[in-house]
Amino acid sequence: MAISGKSRNALAVTFAIAFMATVTGASPAQAQSAKAEPRTPWGDPDLQGIWSIATITPFERPSALADKAQLTPEEAAEAEKTFLKTQNQDRRDGAGTEADVALAYNDFWWDRGTKVVSTRQTSLVVDPPDGRVPALTAEGRARATARAARGYDSWQDRSLWERCITRGLPMIPGPYNNNYQILQTPDNVVILHEMIHDARIVPLDGRPHVGQHIRQWFGDSRGRWEGNTLVVDTTNFTGKANYRGSTDGLHLIERFTRVDKDTVRYEFTIDDPTTFTKKWTAAIPMARTDEQIYEYACHEGNYGMVNLLKGARAQEKAGGEK
Amino acid sequence: MRHWMIGLALAALFILPAAGQTPSTYKAPRSPHKDGKPDLSGIWQANNTANWNIQGQSARQGPILELGAAFSIPAGLGVVEGDAIPYQPWAAAKQKENAAKWLTLDPEIKCYMPGVPRANYMPYPFQIVQTPTHILVAYEFASASRTIYMNSKDESPADTWMGWSRGRWEGDTLVVDVNSFNDQTWFDRAGNFHSEALHVVERYTPVSRDVLQYDVTIEDPKVFTRPWKMSMPLYRRAEKNAQLLEYKCVEFVEELMYGNLRKKP
């Protein structure tokens, strides 16, 4: 995983910009304005393209890296090598063993990515600085416990993703379908999620949020440009969306910034005081990909749900405990 | 007096253009992407009974007694040219069987992606997001969506529910060639169907600020004896605050689809 001279230069530029922003207090938009940045014909920053957020970087910082916010290039290469070895789903663990059955979906089915994020940050959570999601409130803990206790009595016990309803917001790397396409018009930014074909349309025309009675899995998003950054403000979530125990009071703020030709920096802040003891933020570089977005007919082929429930009923009949 | 009125009526006939001639006179605004193409962006919706039946039908009582007049089936003129679908004999019989088993067989009832052209005339809005290379069509029903690849020769790697759409401009008309369907979608609630050999050619022509003329050619040599056509206007949702909302219907059909697998108390 040698880093080419070219990417080393790109990295140097990125850090130089971050540094400039820190010492001068200039916004990244100002710092970058000298560069010829891609623009739409009507002058907005151009975020269009197909972007992947597949990565092996963990969401929260592992305890072993407690004081380390960033890996060195050598550590990153080592982490990637280790991941490939330990997470190899193509290995066989002895026919007939449970461990082997758990590998029934071999690597053909997964697309988790094989690399740490380009920033080499040790967790996707960047604020608080320890890289960990802040403690839940008592209420939030109660909701999380209730959720964890769920089994297989009905589809309602399963995740929204298993039910093929949505993987929802914010955008988080998953085991596959990590591609997103951004399209722009003067009035809208559209983010097409390959996962369960959600097309999220974000109006830019300054209209107010929809009324309080309207509650949605994706909430209600409004966008605006702050310098070169697209800021998307989302409210009106349904409590059923339940991101990490969050409620219908969740306020999600996302920022999209084109930092170079091949990268959009995606950052989101979770603000839900009834669930988390403080606001927190994660940052994920979205990497340009030459792949296409394909139709993911999840519900239409959800044999998994049928088999899961059938299996649970068969186990009960056989006197199993669940 | 009589002659005068007839004269006026005749004059009107000659002066007013027929509906089919309107497209040539309207010039749609150009795309902000500055490629010189007409801008079809917006939220659109059909306002007809094609999702009930693409052919003409009279009104009749709905299938759920309790829902009475609120959810009975409306009359409609149909959208099929000549009001006849040229089924092969076996297929005509299958359509009748489909219609008889509507509630168990119609993929709409299971919240499956509705396919094309049905998605365009379901009673839900859809949004066209236009760029020079990709045109995204996002549907409110089931959050279905499809991408129209402009001037592309790429083939679909697999069969799909919403088809594989490749577009081109013919003057101010967006022409979309759609193939690589599976055989699971229907045209309407009346059991009209197709095979995986379905080939759809859609034509979207702006005829006024708020109307797209939508013309569709259906070809499927496994089911029909010849190609046939549907056409209808698509209307802009002109509300100032118009936006797509969610109709994520999976939740509404889980009891129907999995209810028998729920743990018995």
Side-chain angles (χ1 to χ4, degrees), chain A residues 40-42 48 50 151-157 160 163-166 181 183-190 192-193 196-201 203 205 207-208 210 214-221 238 240 292-295 297-302 305-313 316 322, chain B residues 31-35 39 41-43 107 110-113 127 129-139 142-147 149 154 156-164 180 182 184-185 240-246 248-251 253-255 257-265:
Chain A
T40 63
W42 55 93
Q48 297 181 98
I50 300 179
Y152 304 88
D153 288 357
S154 99
W155 55 93
Q156 282 160 321
D157 295 330
L160 299 174
R163 292 164 69 187
C164 293
I165 292 175
T166 183
Q181 181 167 15
L183 299 98
Q184 286 173 246
T185 69
D187 300 330
N188 293 290
V189 173
V190 180
L192 176 64
H193 297 214
I196 324 193
H197 51 80
D198 279 309
R200 193 176 160 213
I201 300 174
D205 57 3
R207 64 175 76 187
V210 294
I214 301 172
R215 295 282 154 187
Q216 307 204 92
W217 297 101
F218 272 73
D220 181 60
S221 295
T238 163
K240 294 184 290 186
Q292 291 289 358
I293 302 252
Y294 295 110
E295 178 180 279
C298 182
H299 168 63
E300 292 78 0
N302 197 355
M305 181 60 75
V306 171
N307 291 335
L308 196 101
L309 296 174
K310 261 189 189 164
R313 302 297 80 82
E316 283 159 11
K322 259 279 170 193
Chain B
S31 163
H33 285 275
K34 299 202 172 130
D35 58 356
D39 185 13
S41 294
I43 301 178
K110 298 196 177 78
C111 183
Y112 289 165
M113 283 187 271
Q127 187 156 357
V129 180
Q130 181 178 332
T131 77
T133 52
H134 299 79
I135 298 179
L136 176 74
V137 192
Y139 297 93
S143 298
S145 65
R146 63 176 170 134
T147 298
Y149 298 95
D154 290 350
S156 174
D159 284 357
T160 61
W161 290 77
M162 296 302 288
W164 182 259
S180 297
N182 64 30
Q184 301 292 302
T185 62
K240 256 206 150 60
N241 61 346
Q243 71 178 71
L244 289 193
L245 297 172
E246 288 176 356
K248 288 187 174 296
C249 45
V250 170
E251 230 198 329
V253 303
E254 288 174 307
E255 184 71 51
M257 293 179 71
Y258 313 131
N260 60 324
L261 298 172
R262 185 198 279 279
K263 184 177 184 179
K264 306 284 182 298

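The sequence lines fix the lettering, A, B, ..., with proteins before strands; numbering per chain opens at 1.
Atoms NE2 and CD, on B:H134 and A:Q292 in that order, are 5.0 Å from each other to the nearest 0.5 Å. Here A:H197 contributes atom NE2 and B:W161 contributes atom CH2; the two are 10.5 Å apart, rounded to the nearest 0.5 Å.
Side chains of B:N182 and A:E300: a donor-acceptor N/O pair is absent below 3.5 angstrom, by distance only.
Across every non-hydrogen atom of B:L136 and A:A199, the tightest pair is CD2-CB, 4.1 Å. Of all the heavy atoms in A:C164 and B:V250, the pair that sits closest is O-CG2, 3.8 Å. Heavy-atom minimum distance, B:P32 versus A:P41: O-CB, 3.6 Å. The shortest heavy-atom contact between B:K110 and A:H299 is O-NE2, 2.7 Å.
With a 4.5 Å cut-off on non-hydrogen atoms, B:P157 touches chain A through its side chain but not through its backbone. For A:E295, the part lying under 4.5 angstrom from a heavy atom of chain B is the side chain only. Residue contact with chain A, scored on non-hydrogen atoms closer than 4.5 Å, involves the backbone and the side chain of B:T160 alike. A:V306 touches chain B through backbone and side chain together, each having a heavy atom under 4.5 Å away. When heavy atoms are compared at a cutoff of 4.5 Å, B:C111 approaches chain A by way of both its backbone and its side chain. Contact annotation for A:I293: only backbone heavy atoms (N, CA, C, O) come within less than 4.5 Å of a heavy atom of chain B. For A:N302, the parts lying under 4.5 angstrom from a heavy atom of chain B are both the backbone and the side chain. Proximity to chain B involves both the backbone and the side chain of A:I165, based on heavy atoms less than 4.5 angstrom apart. For B:Y149, the part lying under 4.5 angstrom from a heavy atom of chain A is the side chain only. Both the backbone and the side chain of B:E255 come within contact range of chain A, judged by heavy atoms closer than 4.5 Å. Heavy atoms closer than 4.5 Å to chain B are found nowhere in A:L160, neither backbone nor side chain. No part of B:A158 comes within reach of chain A, as not one of its non-hydrogen atoms sits under 4.5 angstrom from that chain.
Proximity of A:I196 to B:S143: side-chain heavy atoms (C-beta onward) are nowhere separated by under 4.5 Å. Residues B:Q127 and A:N188 form a side-chain contact, since some pair of their non-hydrogen atoms from C-beta on lies under 4.5 Å apart. With contacts defined as side-chain heavy-atom distances shorter than 4.5 Å, the pair B:Q243/A:R207 qualifies. A:F218 has its side chain within reach of B:K248: a pair of non-hydrogen atoms, C-beta onward, lies under 4.5 Å apart. A 4.5 Å side-chain heavy-atom check between B:M257 and A:M305 finds every atom pair outside the cut-off.
In this structure, B:E246 contributes its side chain and A:Q216 its backbone to no donor-acceptor pair below 3.5 Å.
Per-residue heavy-atom pair counts under 4.5 Å with chain B were compared for A:T185, A:D157, A:L183, and the maximum is reached by A:L183. Counting heavy-atom pairs under 4.5 Å between each of B:L245, B:T147, B:L244 and chain A puts B:L245 at the top.
Between A:W155 and B:Y258, the ring planes are tilted. Angles from 30° to 60° get that label.
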Check the pair A:Q184, B:T131 against side chain to side chain contact (heavy atoms under 4.5 Å, CB included), reporting the backbone distance first and the verdict last.
CA-CA 7 Å; A:Q184 286 173 246; B:T131 77; over 6 Å; no
Side chain to side chain contact (heavy atoms under 4.5 Å, CB included) between A:W42 and B:H33, intermediate numbers included
CA-CA 8 Å; A:W42 55 93; B:H33 285 275; 3.4 Å; yes
Could you walk me through whether B:E251 and A:K240 pass the side chain to side chain contact (heavy atoms under 4.5 Å, CB included) test, one step at a time?
CA-CA 11 Å; B:E251 230 198 329; A:K240 294 184 290 186; 2.7 Å; yes
Run B:R262 and A:Q156 through side chain to side chain contact (heavy atoms under 4.5 Å, CB included) and show every step you take.
CA-CA 10 Å; B:R262 185 198 279 279; A:Q156 282 160 321; 3.9 Å; yes
